[in-house]
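Input: a single structure, listed below in structure tokens.
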Amino acid sequence: QDQPHSHDEL
Amino acid sequence: MNIFRFAGDMTHLMSILILLLKIYATKSCAVGISLKTQELYALVFLTRYLDQFTDYVSLYNSVMKVVFIASSLAIVWCMRRHPLVRKSYDKDLDTFRHQYVLLACFVLALLLHEIFTFQEVFWAFSIYLEAVAILPQLVLLQRSGNVDNLTGQYVLFLGAYRGLYIINWIYRYFTEDHFTRWIACVSGLVQTALYADFFYYYYLSWKTNTKLKLPA
């Protein structure tokens, strides 16, 4: 599930 | 990770390395490089990657974060401390008032963020700052009135990075269930618009074979 505060981009 | 994001990261990295290698090889930044833009980018990476030790995403992400921070700091170091490069920097042309931009981005980050925590506010700050960090560079180009190969390539690769990231977001929007990241996407669009504007005038000057002139 996507967490809104997980920043997976650079 | 999709191919668009990867290509975006690579063009981003290329833009920074081109600049760093050319400054280092020619021992000069007298080609219209804005120290203020470079300092803003270094600050962007430093404030965005505060999560380096708390949130692990992938080895790729962790390594790239270190590379981006180190290479952007190396450019700033060269322009500020290297005796020859420092001499070639014309600060009278680099007049953009970046203090106001920093303040505006910080206030915006305090107002608009995903979660009100230290890391998240600075993450939002870095996103807003990246969107406008190219402005001192564009103002410098406008004042100096010429765009040489180095600066052209640099801005070209940066523009490619922005364009690829937008394609990446469109791709993710259609392939992922819960892809909502308004802060990054809206700021990214603003940033890309700034480049699009630059490219339009770049194209005009190339087509008419005249010196690049950006409107005031």
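Lettering follows sequence order; numbering is per chain, from 1.
- Counted by atom type alone, A:His7 and B:Gln119 present zero donor-acceptor pairs between their side chains at under 3.5 Å.
- Heavy-atom pairs under 4.5 Å with chain A were tallied for B:Phe45, B:Tyr49, B:Phe68; the largest tally goes to B:Tyr49.
- Summarising the local packing, OH of B:Tyr24 is surrounded by 12 or fewer heavy atoms from other residues, nucleotides or ligands at distances under 6.0 Å.
- With a threshold of 4.5 angstrom between heavy atoms, B:Trp182 does not approach chain A through any atom at all.
- Most heavy-atom pairs under 4.5 Å with chain A, from the set B:Val57, B:Asn61, B:Asn168: that is B:Asn61.
- Taking OH from B:Tyr60 and CG from A:Asp8, the interatomic distance works out to 11.5 Å, rounded to the nearest 0.5 Å.
- Annotation for B:Tyr56: atom OH counts as buried by contact number, over 12 foreign heavy atoms lying within 6.0 Å.
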Does the side chain to side chain contact (heavy atoms under 4.5 Å, CB included) test come out yes or no for A:Glu9 and B:Arg48, once each step is laid out? CA-CA 11 Å; A:Glu9 291 176 348; B:Arg48 184 173 305 167; over 6 Å; no
